[in-house]
Amino acid sequence: MRLFTDTALIEKQTRRLLRTHFGVTLPQFDLMAALDRAPGGMTMGELSKQLLVSNGNVTGVVERLQQEGLVKRWPLPTDRRIYSVGLTAKGRSTFREMAESHEGWVNEILSDMDEAAVDEMTRHLDFLRDSLKKKADEETSGSRK
């Protein structure tokens with residue numbers, strides 16, 4: 001429960017800072033981060049899967065970012081019913097500015113912890129993530145048998 005509480009506190013502060021400084025929501029930031037890691041773009045389905053949200057949620061976020069000129073959408077040449085999404089030049093530079101600020105905010109939020117404590121926490125969280133993914137993969141492969 002402590003992990004959930006701490007996560008909620010950090011997320012609340014991050015949401016407020018993103019809204020105040022950049023006028024974006026955390027889901028918009030997360031979507032732009034995913035696209036920044038995929039320079040060739042991603043399909044709407046890939047975004048949905050990576051962000052763990054419904055296709056409808058992705059569509060709404062993409063439409064708002066597209067209106068701001070931060071992302072572009074294009075149909076796949078092989079299947080015109082499927083759209084890919086990518087950052088525009090404006091979107092990429094805006095995201096980089098947001099990411100730099102975000103990193104500073106997280107560093108500030110964690111500033112009461114020394115570097116060794118942050119490193120140790122990161123190792124534990126990485127272990128937890130890997131363990132959870134492994135269990136999820138085992139459950140998925142077990143249900144296919």
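FYI, the numbering just counts along the sequence from 1. In what follows, every heavy atom counts, from backbone to side chain, and hydrogens, waters and symmetry copies are set aside.
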Steps toward salt bridge (charged side-chain N to carboxylate O under 4.0 Å, His left out) verdict (R15, E11): CA-CA 6 Å; R15 284 178 187 275; E11 185 176 311; 2.7 Å; yes
Single hit among L70, V71, V62 for side chain to side chain contact (heavy atoms under 4.5 Å, CB included) with L35: V71
Could you grab the distance from atom [atom1] of [X] to atom [atom2] of [Y], nearest 0.5 Å is fine?
X	Y	atom1	atom2	value
E46	L51	CD	CG	11.5 Å
D114	D119	CG	CG	9.0 Å
E115	T122	CD	OG1	10.0 Å
L52	N57	CG	CG	11.5 Å
F95	H102	CZ	NE2	8.5 Å
T94	L65	OG1	CG	10.0 Å

Which atom pair, heavy atoms only, marks the closest approach of [X] to [Y]?
X	Y	answer
L87	M32	CD1-O, 3.8 Å
P27	V61	O-CG1, 4.1 Å
R80	P75	NH2-CG, 3.6 Å

Is the CZ atom of R129 crowded by more than 12 outside heavy atoms at less than 6.0 Å?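 Yes, because the 6.0 Å sphere around CZ of R129 holds more than 12 heavy atoms from other groups.
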Do [X] side-chain atoms and [Y] backbone N/O form a donor-acceptor pair below 3.5 Å?
X	Y	value
Q50	L47	no
T14	I10	yes
S48	M44	no
S111	E108	yes
T88	G69	yes
Q28	T25	yes

Please check if [X] and [Y] belong to a single hydrophobic cluster, counting links between Ile, Leu, Val, Met, Phe, Trp and Tyr side chain heavy atoms closer than 4.5 Å.
X	Y	result
M113	V106	yes
L132	M121	yes
L18	I109	no

Salt bridge between D137 and K134, side-chain N to carboxylate O under 4.0 Å?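 Looking at D137 and K134, the cut-off is not met.
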Run the salt-bridge test on E68 and R64 with the 4.0 Å N-O cut-off and return the result as yes or no.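 No, this pair does not count.
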side-chain contact (heavy atoms from CB on, under 4.5 Å) assessment of V85 paired with K72: CA-CA 6 Å; V85 181; K72 58 188 173 195; over 6 Å; no
So L3 and L125, side-chain contact (heavy atoms from CB on, under 4.5 Å) or not? Walk me through it. CA-CA 10 Å; L3 181 60; L125 290 171; 3.9 Å; yes
Check step by step if side-chain contact (heavy atoms from CB on, under 4.5 Å) holds for H21 and M98. CA-CA 9 Å; H21 292 274; M98 286 190 286; over 6 Å; no
Evaluate the side-chain contact (heavy atoms from CB on, under 4.5 Å) criterion for residues L26 and R19: first the C-alpha distance (whole Å), next the side-chain angles of each, then the deciding distance (0.1 Å), finally the verdict. CA-CA 8 Å; L26 186 56; R19 173 66 71 196; over 6 Å; no
Near-ring test F22/F29, centroid separation under 6.0 angstrom: no
